[in-house]
Amino acid sequence: MFENEKNSLIKTCRDISAKKLTVATWGNVSLRVSENKFLITPSGMDYNSLIPEDIVLMDFEENIIEGSKKPSVEYFMHLCIYRNRKDINAVIHTHAVFSTAFALNRIPVPPVAEEMIQIIGEEIQCADYGLPGSRQLGENVAAALGNNFAVLMASHGAVCVGKDFQHALKISEVLEKTCQTIIYAKILGNPYIIPHEECEAMIDFTKNKYGQK
Ligand SMILES: [Zn+2]
């Protein structure tokens with residue numbers, strides 16, 4: 001079942017590894033394949049050795065529908081996000097260096113760069129701490145995500161979401177680039193916080209006027 005979807009999930013795992021958004025077996029990736037089912041990476045397996053049979057199919061009642069491997073320890077976090085957000089079909093959890101630097105300080109990513117505001121959210125929150133794999137962590141992350149497309153996990157990493165993998169991967173790259181830029185900007189001075197009204201105008205522009213549609 002869902003052979004193509006499993007292959008695109010494996011490709012996404014290799015993409016996040018190649019783009020240095022995570023190392024070794026850290027991070028996890030999932031894809032909603034129906035109203036109440038999703039595919040997720042197995043726990044602690046090297047992304048380069050993954051084959052479609054390793055990918056676990058789960059339902060929203062936390063049952064394993066298909067697959068002999070143990071699902072990612074963070075499966076509940078992915079589930080909480082899908083339950084809260086009907087518009088989201090893909091979730092990528094990374095340990096990318098610069099976004100994790102914000103997460104270690106447990107501070108939000110401020111609205112200083114227009115790229116981030118336009119496609120991820122005005123301010124990216126840092127979810128309260130929860131032990132890895134705990135239900136508390138899943139609930140904290142889904143709550144702090146709100147209607148944005150990314151959220152930080154305190155002392156841990158980042159979660160980026162999208163309507164599909166291509167979208168979620170773009171969010172992951174823009175979040176990481178923004179965090180890197182802010183850290184450099186702080187060396188030079190004090191990055192300017194873009195006022196709320198300007199953020200709203202920017203979001204509206206991207207939604208309704210930008211591009212070829
Ligand atoms: Zn992690």
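Since the structure is predicted, the reported quantities are computational estimates derived from the model, not experimental observations. Whatever order the structure lists them in is the order used to number ligands and atoms, beginning at 1.
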Ion pair check, Glu115 and Lys177, cut-off under 4.0 Å: yes
Check ion pair Glu62-Arg135 (N to O, under 4.0 angstrom): yes
Sidechain N-carboxylate O distance under 4.0 Å for Lys209, Asp204: yes
His93 and His156 side chains, donor-acceptor separation under 3.5 Å: yes
Metal environment of the Zn ion (ligand 1), protein N/O/S under 2.8 Å: His93 NE2, His95 NE2, His156 NE2
Cationic tip of Arg85 above Phe149 ring, under 6.0 Å, 45° of axis: yes
Polar side-chain atom of Thr41 near backbone of Val29 as donor-acceptor pair, under 3.5 Å: yes
